[in-house]
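So the structure is just underneath, and the comments pick up after that.
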Amino acid sequence: MRDTTLTFWDHFLPKIVTVLREGYGLRDLRADALAGLTVAIVALPLSTAIAIASGVGPERGLYTAIVGGFLVSALGGSRFQIGGPAGAFIVLVAACVMQTGIEGLILATFLSGFLLIALGTLRMGSYIRFIPYPVTVGFTAGIAVIIGASQMKELLGLTLAGPEPSDLIEKVEVLWAARGTLTPPALAVAVGTIAMIEALKRLAPRLPSLLIAVVVASVTVEMLGLPVETIGTRFGELPTMLPMPALPDLGSEAVLAALPWAVSFTLLGAIESLLSAVVADGMAGTQHRPNAELIAQGWANVGSAVFGGFCVTGTIARTATNVRAGSRSPVSGMLCALFVLGFMMLAAPLAAYIPLAALAGLLAVVAWNMFEKEEFWTLLRTSRGDAMVVLVTFLLVVFRDLTEGIVVGFALGGLVFIRRMSESASAEPAPVPDPSGALTSERVIYRLRGPYFFGAAAMLGSALDRFAERPRAFVLDFTDVPFIDSSGARSFELLAHKMHRRGGQLFLTGANVEVRRVLLAQGLREPLVRYLPDVAGVDEFLAN
């Protein structure tokens, strides 16, 4: 139901303004600085790993985390959202780069920013967050499988004869054909990185396990002189400053080529960011502004593209880390971006020593954690409808397309919901009040229960038609009907005309104001139908 009490600022005001109005002191700044530093330590290796897995240079992951992350926090509608490059985009970004090149990716990101701004301005954020839970579980599970498969080349240190295919089945075939090129040191580094991350999570959960594991792997490879490819051997040294801002090529041909990717980035980014904001709300007991969040994501994508970055979205893992680290406001996200900038300026030359196998191990852990195993199996056992939605979404994401998986999953989820709501509607015979016994045989009373919309109308309409064939008076009690749509009202209009042709009368009792308004709008007016406050008034009407 739409809340008409919300003002313009309730939809679009950035949370940072709300926080400053409430009062922001030195103690809050200290807490936000510590939380921002904690998240920056996590974001630094993740941003470079996601960029490399996406088929772009590691520096672009840092640009995205710095510029996009700062704008997401500064302009967003969540207190705790952390923006940056996300694992969910790896497949889309890699495919976009293969088809349009780096310039096409930057342009698609730029266009996606304005599409997100448009969605937020049109207040679509209030609807996007209502994606069915089985769709989100199937989608994230599919993304996890794709990310895991995309890291097998670096995990095993394989050398491929040609480019790595994006299609999963073709990818597995190519990787299997290259099994003879396996590099044992690379596999050892990857497995060691995974083992160290998991061990630190269990033994010392407060320590930055991702960063420690990558640093230890880098030192080990350098000290032992292992033949393992690093960021430096593949990409060279990372820059120590942000590039000068520049607009992408906005020629009509380039825009047309980038637009389909921009739409995909927009859809996925909107869903991912709002899911992340909802997770943060659940952890902290807050309430985010979805439309302000979409607008912030839009400007963050525009800013990221101008500085040579790519898609920005809210990141669930980093946002959750931010909440756990004691964040008080969006200032922690802004400081996180500045900390990443500081790391890039001071430690960029050291990043050249990071083994790609270690980053692949890090992403393998991320993929494993993304696959919500317990939730997935629970949905498979809960009901056939939920099982169908989660499986279809999962399979389409893995074997077809991310956007197709979301759209089809959402449509199936809607159909499952309609069926369940339709089954909750019922029409039951009610006891006939019979003070005199004179009119009992000439009327039938049915009590309707539940929402009566197009799904329920299709299931109950023919049954009600049969009930109305004989009696002089057919009484429908709407007391327990909270809602009716135009399709449901239309079915009663047809029923009223049928009664009228047979010389009978349709009585509607107990309808609330909203239900009666819809019925009247569909032409259910007197004398075609009689509205009475309760069933008892039918006898008096027929007697007269």
Side-chain angles (χ1 to χ4, degrees), residues 14-16 18-20 22-50 61-62 64-66 68-87 196-215 272-288 293 296 300 312-344 346-347 362 365-366 369-370:
K15 277 290 183 179
I16 186 67
T18 302
V19 167
L20 294 177
E22 293 173 352
Y24 189 82
L26 186 58
R27 182 177 298 178
D28 299 312
L29 180 59
R30 287 198 194 102
D32 281 336
L34 181 59
L37 179 60
T38 303
V39 179
I41 291 172
V42 174
L44 187 66
L46 265 181
S47 299
T48 55
I50 290 170
L62 297 177
T64 304
I66 294 166
F70 187 90
L71 292 175
V72 163
S73 296
L75 304 177
S78 169
R79 285 178 181 263
F80 307 110
Q81 185 82 281
I82 300 294
M196 183 171 292
I197 291 172
E198 293 302 317
L200 287 173
K201 280 184 179 179
R202 296 185 181 183
L203 301 177
R206 292 183 177 275
L207 293 180
S209 58
L210 301 182
L211 184 63
I212 291 174
V214 170
V215 169
E272 184 82 0
S273 63
L274 294 183
L275 282 177
S276 179
V278 168
V279 169
D281 287 344
M283 294 177 66
T286 55
Q287 184 73 32
H288 74 283
E293 189 62 29
V312 183
T313 188
T315 55
I316 296 175
R318 276 159 273 175
T319 299
T321 301
N322 189 39
V323 176
R324 294 193 197 101
S327 170
R328 303 282 182 86
S329 74
V331 173
S332 62
M334 298 161 67
L335 291 175
C336 171
L338 296 178
F339 283 131
V340 174
L341 175 61
F343 292 152
M344 186 179 76
L346 298 174
L362 183 153
V365 172
V366 170
N369 292 332
M370 280 183 68

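Residue numbers count from 1 along this sequence. As the structure is a prediction and not an experimental result, all values here were calculated from the model.
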**Request:** To the nearest 0.5 Å, tell me how far Arg79 CZ sits from Asn322 CG.
**Result:** 12.5 Å
**Message:** Under the rule for side chain to side chain contact (heavy atoms under 4.5 Å, CB included), what residues qualify as partners of Ala337, not counting sequence neighbours?
**Reply:** Phe70
**Request:** Not counting sequence neighbours, list each pair that qualifies as a salt bridge (charged side-chain N to carboxylate O under 4.0 Å, His left out) and has a residue in residues 324-334.
**Result:** Asp28-Arg328
**Asked** Between Leu335 and Ala33, what is the shortest heavy-atom contact and its length?
**Response** CD1-CA, 3.6 Å
**Request:** Please step through side-chain contact (heavy atoms from CB on, under 4.5 Å) for the pair Val340 and Met344, ending with a clear verdict.
**Result:** CA-CA 6 Å; Val340 174; Met344 186 179 76; 5.6 Å; no
**Atom pair CG/CG of Leu346 and Leu341 - distance to nearest 0.5 Å** = 9.0 Å
**Request:** May I have the step-by-step check of side-chain contact (heavy atoms from CB on, under 4.5 Å) for Leu44 and Val214, ending in yes or no?
**Result:** CA-CA 11 Å; Leu44 187 66; Val214 170; over 6 Å; no
**Message:** With rounding to the nearest 0.5 angstrom, report the CG to CD1 distance, Leu46 to Ile41.
**Reply:** 12.5 Å
**Message:** Determine whether Val72 and Ile82 satisfy the following criterion, side-chain contact (heavy atoms from CB on, under 4.5 Å), listing intermediate values before the conclusion.
**Reply:** CA-CA 7 Å; Val72 163; Ile82 300 294; over 6 Å; no
**Request:** List the atom of Ala280, the atom of Thr286, and the distance in Å for their closest heavy-atom pair.
**Result:** O-OG1, 4.2 Å
**Asked** Where is the tightest heavy-atom contact between Tyr24 and Leu29, given as atom of each residue plus distance?
**Response** OH-CA, 3.3 Å
**Request:** Starting from the C-alpha separation in whole Å, work towards a yes-or-no answer on side-chain contact (heavy atoms from CB on, under 4.5 Å) for Ile212 and Leu200.
**Result:** CA-CA 9 Å; Ile212 291 174; Leu200 287 173; 3.7 Å; yes
**Message:** I'd like to know if the side chain of Ser73 pairs up with that of Gln81 as donor and acceptor (distance under 3.5 Å, no hydrogens or angles considered).
**Reply:** no
**Prompt:** Got a second to check how far Leu37's CG is from Phe339's CZ, nearest 0.5 Å?
**Reply:** 5.0 Å
**Asked** When you look at Glu272 and Arg318, which way does the salt bridge (charged side-chain N to carboxylate O under 4.0 Å, His left out) test go after all the steps?
**Response** CA-CA 13 Å; Glu272 184 82 0; Arg318 276 159 273 175; over 6 Å; no
